[in-house]
Amino acid sequence: MKIGPIELRSPYAVAPMAGMTDTAFRRLVKRHGGCGLVMTEMVSSEGLVRGIDRTLEYAEYTEEERPISIQIFGGDPAKMAAAAQVVEGMGADIVDVNMGCPVPKIAKHNAGCSLMREPEHAASVIAAMTRAVKIPVTVKMRAGWNDDERNAPRLARMVEDAGAAAVTVHGRTAAQSYSGSADWDLVAEVAECLSIPVFGSGDCLEPEQVVERMRLGVEGVLVGRGVLRNPWILAQAADLAAGRPVRVITSAERGQFLLDYMELLLHERVREPEGFRHSLGVAAAPPSVASHDRWVINKIRALGSWYTKGLEGGSHLRTAINSAGSLDQLRDTISAFFLAPVSHA
Ligand SMILES: Cc1cc2nc3c(=O)[nH]c(=O)nc-3n(C[C@H](O)[C@H](O)[C@H](O)COP(=O)(O)O)c2cc1C
């Protein structure tokens, strides 16, 4: 399938997740197969335009991740258009607009899901962006703001008319946040009435669900929390769809994923060849060893809180990861749990 001229090898993608889908994580998931598209965490349009270091870091990516979509948030058409130009200048394949974030800090600035409350304005943001760049502009929205305003079908048509190249719908309202369940009937309704590709998002925790959702007429499925729990879910969905036996992931492989993630994070900006990272060339100050280590520990804790869900003995592992105070302790904890598993019953 294609988004504009960008060919996706698989219809399954990693959903953007703030704090989680950093470049190291995206690379690792891609290496495990089945993944047609990765998206960055949401990046502030304001920060991109003003060149704020921290923001620029969120937008960085590596060649291995292509095709890559950089997701931006904001509510001002001119600023969003300028931010899209920055994204295009970084060589990204796609720029995606966040119209789904329910967090008040974002929504009150006329960005994220609050854009769904002003469809004309939302469409004008997309129109300004599509005029400003050649790369495809896509939109990720929710079902609507609340149960009285489930306007995804109408807004999706409007952003299509404004030039969007694809739309993703997470079938919950902002009011629901992550409670209840995603409404895939609504996702199917949007897919039915648009001629651009429509992706669905929400509640795919098993590879079977990913494959089943494709039968609803969507062109692709974005998986978020399911990937944080099981980074092989897209590869397993691809196995199923191709009629192959679904790959079985051993405990050792699961442990190795965490150790590999840790290694990639440790090497971030430290021993990277010239040009490895697509960035805006702003030389970030090298982190001190202690602060870099602390950052890696916090990153593993963040992933650990998802990764351990549903595992036998997962809550023990979560506690152990959260109390490991050094990288060595963290490695030992992970190795002891996954590589030399004992019964946690
Ligand atoms: C920790 C976390 C962070 C998220 N951050 C973003 C984000 O930055 N941009 C966005 O469009 N959606 C974000 N989402 C929503 C997901 O992309 C996805 O649409 C939602 O979680 C439903 O899919 P799932 O059930 O497969 O997780 C986030 C979700 C989670 C759990």
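Just follow the structure's listing: the first ligand is 1, and inside any ligand the first atom is 1.
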Please determine if Arg142 forms a cation-pi arrangement with Tyr178, meaning its NZ or CZ atom is less than 6.0 Å from the six-membered ring centre and no more than 45° off the ring axis.
yes

Which pairs of N or O atoms, one from ligand 1 and one from the protein, are separated by less than 3.5 Å, and what is the distance for each pair?
from, atom 1, to, atom 2, distance (Å)
ligand 1, 5 (N), Ala18, N, 2.8
ligand 1, 8 (O), Ala18, N, 3.4
ligand 1, 8 (O), Met42, N, 3.4
ligand 1, 9 (N), Gln71, OE1, 2.8
ligand 1, 9 (N), Asn98, ND2, 3.2
ligand 1, 11 (O), Gln71, OE1, 3.4
ligand 1, 11 (O), Gln71, NE2, 2.8
ligand 1, 11 (O), Lys140, NZ, 3.0
ligand 1, 12 (N), Pro16, O, 3.4
ligand 1, 12 (N), Lys140, NZ, 3.0
ligand 1, 14 (N), Pro16, O, 3.3
ligand 1, 14 (N), Tyr178, OH, 3.4
ligand 1, 17 (O), Pro16, O, 2.8
ligand 1, 17 (O), Lys140, NZ, 3.0
ligand 1, 19 (O), Lys140, NZ, 2.8
ligand 1, 19 (O), Ser201, OG, 2.7
ligand 1, 23 (O), Ser201, OG, 3.3
ligand 1, 25 (O), Asp203, N, 2.7
ligand 1, 25 (O), Arg225, NE, 3.4
ligand 1, 25 (O), Arg225, NH2, 2.8
ligand 1, 26 (O), Gly224, N, 2.8
ligand 1, 27 (O), Arg225, N, 2.8
ligand 1, 27 (O), Arg225, NE, 2.9

Tell me whether Lys79 is salt-bridged to Glu46, with the criterion being a basic N under 4.0 Å from an acidic carboxylate O.
yes

Checking side-chain polar atoms at under 3.5 Å, does His278 have a donor or acceptor matched by the opposite partner on Glu63?
yes

Distance-only criterion, 3.5 Å: show the donor-acceptor pairs between side-chain atoms of residues 82-99 and protein atoms not counting sequence neighbours.
from, atom 1, to, atom 2, distance (Å)
Gln85, NE2, Ala132, O, 3.3
Glu88, OE2, Lys134, N, 2.7
Glu88, OE2, Ile135, N, 3.2
Asp93, OD1, Arg66, NH1, 3.3
Asp93, OD2, Arg66, NH1, 3.2
Asp93, OD2, Ile68, N, 2.8
Asp96, OD1, Thr138, OG1, 2.6
Asp96, OD1, Val139, N, 3.4
Asp96, OD2, Gln71, NE2, 3.0
Asn98, OD1, Gly100, N, 2.9
Asn98, OD1, Cys101, N, 2.8
Asn98, ND2, Gln71, OE1, 3.2

Pairing residues for Tyr307 by the side-chain contact (heavy atoms from CB on, under 4.5 Å) criterion, not counting sequence neighbours:
Pro231, Trp232, Arg254, Phe257, Leu258, Leu303, Phe338

Please name all residues satisfying side-chain contact (heavy atoms from CB on, under 4.5 Å) with Asp22, sequence neighbours left out, ordered by chain then number.
Ala24, Phe25, Glu41, Tyr261, Leu265, Lys299

